[in-house]
Amino acid sequence: MPGISSRRPYTLLARFYDQLQPQIPRMNRFARQKILRRILPKVRTVCELGCGTGETSLDFARRGRKVYAVDLSPTMCRLTRQKARRARLPVRVLCADMRSFRLPKAVDLVTCEFGSLNHLPRQSDLARVARAVARALRPGGYFYLDVDTARTFQQISNMSEKVETKDFVAFFSGHYSSQKRKARLEIDWFVPAGKRWRRQKESVDHIWWKDSEIPRALRRAGFRRIRRWDGVEVRPAWIKPRPSFDTYYLAQKIRGT
C-alpha cells in the first residue's frame with residue numbers, strides 16, 4: 001500500500017467533493033433564491049468567490065448571467081472548467097486568492113457560499129477579502145455570503161466518521177480550539193490504484209468570527225445596508241437546520257466608492 005502524506009487541502013477532497021456533498025447545490029440554491037430574489041432580476045454579472053466545483057457559477061450561467069468563478073484550489077478550478085465545458089456554458093474560471101483577486105470588469109454581485117470564508121488562514125484576513133470584494137463590485141453592487149459559527153466547529157472535536165464508495169474510503173476526524181477560534185478536519189484517504197490502495201492524508205483548517213466582526217469589516221470596506229439571517233431562517237427544512245450554526249449576510253457597496 002503506497003503512502004503519501006500531504007497537508008495540502010482540496011486535492012482528493014476536491015476530486016470527490018460532489019460525492020461527499022451532493023445536497024449542497026440544492027441547499028445553496030434554496031437560500032440564494034430566498035435572500036436574493038428581489039435583486040436578482042437586475043443582476044447581469046456575477047462572481048462566485050470560493051467556487052468549489054462550480055455549481056453556483058453554472059446555475060447563474062444557465063440563467064444568462066456573465067459569470068466569473070474564483071477559487072484558490074487548482075483542482076477545484078479544473079473541475080469547474082470541465083463542468084462548464086460539458087454544459088457549454090461561458091464561465092470564466094480564475095485560480096486566485098479571495099484576499100487579493102481581481103476581475104477584468106466590475107460585477108453586480110459577488111457570492112461566497114457554504115462557509116468558504118471559514119477557510120481563511122486568519123481572522124484578520126476577513127478585512128482583506130471585504131476590500132477585494134468591494135473593488136470587484138460596481139457601485140451599488142451586492143456581496144452575498146454565509147459563514148459557519150463556533151457551534152458548527154465544536155462538533156468537529158467529537159467527529160469520527162467513515163465514508164466508503166466505489167471510488168474511495170475516507171476516515172474523518174477533527175480537532176477544535178475555542179481559545180484560538182480554530183478547527184481542523186483531518187481526512188485519511190484510501191484510493192484504489194490498480195490492485196493496490198493508495199493512501200493520502202489531507203487536513204482542512206477552519207476559523208470563525210464573532211457576530212459583530214463581519215458587519216464591522218464590511219462597513220470599513222465601504223458596504224452599507226448590511227442584513228443578517230440565521231441559517232435556520234433561510235435553509236430548507238429537509239436538511240433540518242439548527243439555530244446559530246451558520247449565518248448569512250447581504251451587503252451593498254456604497255455608490256461612488
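Numbering starts at 1 and runs along the sequence shown.
- Proximity of the aromatic rings of W229 and Y249 is defined here by a centroid distance below 6.0 angstrom, and this criterion is not met.
- For the pair K182 (side chain) and D205 (backbone), a donor-acceptor distance under 3.5 Å is absent.
- Under the rule for a salt bridge (Lys or Arg N to Asp or Glu O under 4.0 Å), K240 has no partner lying at least two apart in sequence or in another chain.
- Classification of the Y10-H119 ring pair by plane angle, with boundaries at 30° and 60°, yields perpendicular.
- For F114, there are no ring-ring contact (aromatic ring centres under 6.0 Å, His included) partners, not counting sequence neighbours.
- The backbone N or O of S100 lies less than 3.5 Å from no partner atom in the side chain of R131, so there is not a single donor-acceptor pair.
- Residues Q200 and T11 bring a donor and an acceptor atom of their side chains to less than 3.5 Å of each other.
- For the residue pair T45 / K105, no side-chain donor-acceptor distance below 3.5 Å is found, with atom types taken as modelled.
- Considering only residues two or more places apart in sequence or on other chains, F153 meets the ring-ring contact (aromatic ring centres under 6.0 Å, His included) condition with H206, W208.
- Relative to the ring axis of W238, R26 places its NZ or CZ within 45° and under 6.0 Å from the centre.
- With sequence neighbours excluded, no residue forms a side chain to side chain donor-acceptor pair (under 3.5 Å) with R65.
- Partners of D125 under the side chain to side chain donor-acceptor pair (under 3.5 Å) rule, at least two apart in sequence or in another chain, are R99, R122.
- Listed by chain and number, the residues in a side chain to side chain donor-acceptor pair (under 3.5 Å) with T56 are R32, E113 (sequence neighbours excluded).
- The backbone N or O of F30 lies less than 3.5 Å from no partner atom in the side chain of Q33, so there is not a single donor-acceptor pair.
- Judged by distance alone, with hydrogens and angles left aside, the side-chain atoms of T149 form a donor-acceptor pair with the main-chain N or O of F245 at under 3.5 Å.
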